[in-house]
Amino acid sequence: MIEERMKELEISLPTPPKPAGSYIPIVTSGNLVFVSGQIPMESGQMKYQGKVPDVQSIQNAQNASKLCIINALSQLNAHFGTLENIEKIVRISGFVNSEESFSEHPKVINAASELLVDIFGEKGKHSRIAVGVSSLPLNATVEIDMIVEISQ
């Protein structure tokens with residue numbers, strides 16, 4: 001069970017962050033669920049802000065990417081009441097607020113990918129993109145969206 005695995009990993013899902021704009025956090029189309037971009041909010045506050053590597057270290061950016069995934073999972077859990085209906089993590093898109101010369105975006109988003117595999121096992125393996133951008137909403141260090149397949 002996913003809940004048991006998350007307890008083993010000492011991960012608890014927070015109340016999902018409220019959208020920072022005019023959108024909804026979850027859209028379902030058939031068996032696919034699209035989770036809007038999640039930023040590293042914790043307890044209503046931005047935990048990681050600024051560019052990698054000048055303001056935030058790669059380690060902090062990796063922690064930010066994990067927090068984005070936890071927030072995405074909290075959105076899914078709030079919407080469906082469970083994570084047990086997740087059949088497959090299909091794709092994540094990771095955006096890293098980075099300095100122009102920074103090129104280790106995959107290293108930052110790897111932390112998110114590894115967390116999903118730690119939680120979901122084979123179901124957590126996914127396709128993805130990891131790109132650097134010149135800015136993100138609220139000066140977030142990382143933003144991640146995801147697509148998951150659910151059972152019906």
Side-chain angles (χ1 to χ4, degrees), residues 2-3 5-28 32-80 83 86 88-150:
I2 300 305
E3 289 179 18
R5 182 64 183 140
M6 291 181 69
K7 283 181 186 175
E8 290 172 12
L9 295 170
E10 299 180 357
I11 297 170
S12 59
L13 295 178
T15 301
K18 301 238 183 285
S22 299
Y23 63 90
I24 56 177
I26 301 279
V27 172
T28 303
L32 294 179
V33 180
F34 299 79
V35 183
S36 294
Q38 300 295 304
I39 54 180
M41 299 287 288
E42 186 173 80
S43 303
Q45 302 292 317
M46 184 68 68
K47 184 159 183 180
Y48 299 97
Q49 287 183 300
K51 293 187 180 297
V52 181
D54 289 355
V55 176
Q56 295 290 346
S57 67
I58 291 174
Q59 174 77 41
N60 282 349
Q62 290 171 327
N63 291 336
S65 73
K66 290 178 187 178
L67 184 53
C68 291
I69 290 299
I70 290 168
N71 287 338
L73 294 176
S74 73
Q75 295 287 0
L76 288 163
N77 192 59
H79 186 80
F80 291 107
L83 298 177
I86 294 176
K88 179 82 179 146
I89 306 298
V90 176
R91 178 181 174 142
I92 68 171
S93 301
F95 303 90
V96 181
N97 184 359
S98 57
E99 295 296 333
E100 188 176 314
S101 63
F102 185 72
S103 62
E104 296 186 67
H105 315 104
K107 188 180 283 187
V108 172
I109 304 304
N110 278 349
S113 294
E114 291 163 3
L115 179 60
L116 287 167
V117 172
D118 286 346
I119 294 170
F120 293 97
E122 286 295 311
K123 292 180 180 183
K125 292 183 178 178
H126 54 272
S127 68
R128 75 160 201 215
I129 62 169
V131 297
V133 295
S134 62
S135 67
L136 286 170
L138 306 176
N139 198 28
T141 300
V142 176
E143 181 172 6
I144 297 177
D145 73 357
M146 68 184 344
I147 302 169
V148 302
E149 180 185 357
I150 59 166

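- Looking only at atom types and distance, the side chain of Asp145 has a donor-acceptor partner in the side chain of Ser93 under 3.5 Å away.
- Contact of the Ile86 side chain with the Leu76 side chain is registered, since non-hydrogen atoms from C-beta on lie closer than 4.5 Å.
- Atom CG of Asn77 sits about 4.5 Å away from atom CG of Leu83, to the nearest 0.5 Å.
- Between Pro25 and His79, the closest side-chain pair of non-hydrogen atoms is not below 4.5 Å.
- Nearest heavy-atom pair, Ile119 versus Leu73, reported as atom, atom and distance to 0.1 Å: CD1-CD1, 3.8 Å.
- Side-chain N or O atoms of Gln38 include one that pairs as donor or acceptor with a backbone N or O of Ser36 at under 3.5 Å.
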Inset, instruction - For the pair Met46 and Ile39, evaluate side-chain contact (heavy atoms from CB on, under 4.5 Å) and give the outcome as yes or no after the intermediate values. - result: CA-CA 8 Å; Met46 184 68 68; Ile39 54 180; 3.4 Å; yes

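- The neighbour count for Glu8 CD, taken as heavy atoms of other residues, nucleotides or ligands under 6.0 Å away, is above 12.
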Inset, instruction - Show the numbers, then the answer: is there a side-chain contact (heavy atoms from CB on, under 4.5 Å) between Ile11 and Leu115? - result: CA-CA 10 Å; Ile11 297 170; Leu115 179 60; 3.5 Å; yes

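- Of the possible donor and acceptor atoms, none in the side chain of Gln62 sits under 3.5 Å from a partner among the backbone N and O of Asn110.
- Side-chain contact between Ile24 and Phe34 is absent, with no heavy-atom pair separated by less than 4.5 Å.
- In terms of heavy atoms, Asp118 sits closest to Arg5 at O-NE, 2.8 Å.
- Across every non-hydrogen atom of Ser65 and Ala112, the tightest pair is OG-N, 3.5 Å.
- Residues Asn97 and Ser135 share a closest heavy-atom pair of OD1-CA, 3.8 Å.
- Counting only distance, with no hydrogens or angles, the side chain of Thr141 and the backbone of Gly50 share a donor-acceptor pair below 3.5 Å.
- Few gaps surround CD on Glu99; more than 12 heavy atoms of other groups in view lie less than 6.0 Å from it.
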Inset, instruction - Apply the test side-chain contact (heavy atoms from CB on, under 4.5 Å) to residues Met146 and Ile69: give CA-CA distance (whole Å), side-chain angles for both, the deciding distance (0.1 Å), then the verdict. - result: CA-CA 9 Å; Met146 68 184 344; Ile69 290 299; 4.2 Å; yes

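- Checking each of Val52, Ile109, Val133 against Val142 for a side-chain contact (heavy atoms from CB on, under 4.5 Å) leaves exactly one that passes, namely Ile109.
- Between Gln75 and Asn71 the shortest side-chain heavy-atom distance does not fall below 4.5 Å.
- Judged purely by atom type and a 3.5 angstrom limit, Ser127 has no side-chain atom pairing as donor or acceptor with the backbone of Arg91.
- Taken from CE in Met41 to SG in Cys68, the straight-line distance is 10.5 Å, to the nearest 0.5 Å.
- Looking at Ser74 and Thr15, their side chains never come closer than 4.5 Å, going by heavy atoms from C-beta outward.
- No option in His105, Gln56, Glu104 other than His105 meets the side-chain hydrogen bond (donor to acceptor under 3.5 Å, both in side chains) test with Ser98.
- Side-chain contact check for Met6 versus Leu13: some heavy-atom pair is nearer than 4.5 Å.
- When all heavy atoms of Tyr48 and Pro40 are compared, the pair lying nearest together is O-CG, 3.6 Å.
- Residue Leu9 holds its CG atom at 10.0 Å from NZ of Lys66, rounded to the nearest 0.5 Å.
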Inset, instruction - Starting from the C-alpha separation in whole Å, work towards a yes-or-no answer on side-chain contact (heavy atoms from CB on, under 4.5 Å) for Phe80 and Ile150. - result: CA-CA 10 Å; Phe80 291 107; Ile150 59 166; 3.7 Å; yes

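- Looking at heavy atoms from C-beta onward, Val27 lies out of side-chain contact with Val33 at the 4.5 angstrom threshold.
- Side-chain atoms of Ser113 and Arg128 include a donor-acceptor pair closer than 3.5 Å.
- Interatomic distance, OG of Ser43 versus CD of Gln45, reported as 8.0 Å (0.5 Å rounding).
- Considering all non-hydrogen atoms of both residues, Lys47 and Leu67 come closest at CB-CD2, 4.0 Å.
- For the pair Lys88 and Glu149, the salt-bridge criterion is not met [side-chain N within less than 4.0 Å of a carboxylate O].
- Within the 4.5 Å cutoff, side-chain heavy atoms of Val117 are placed close to those of Lys125.
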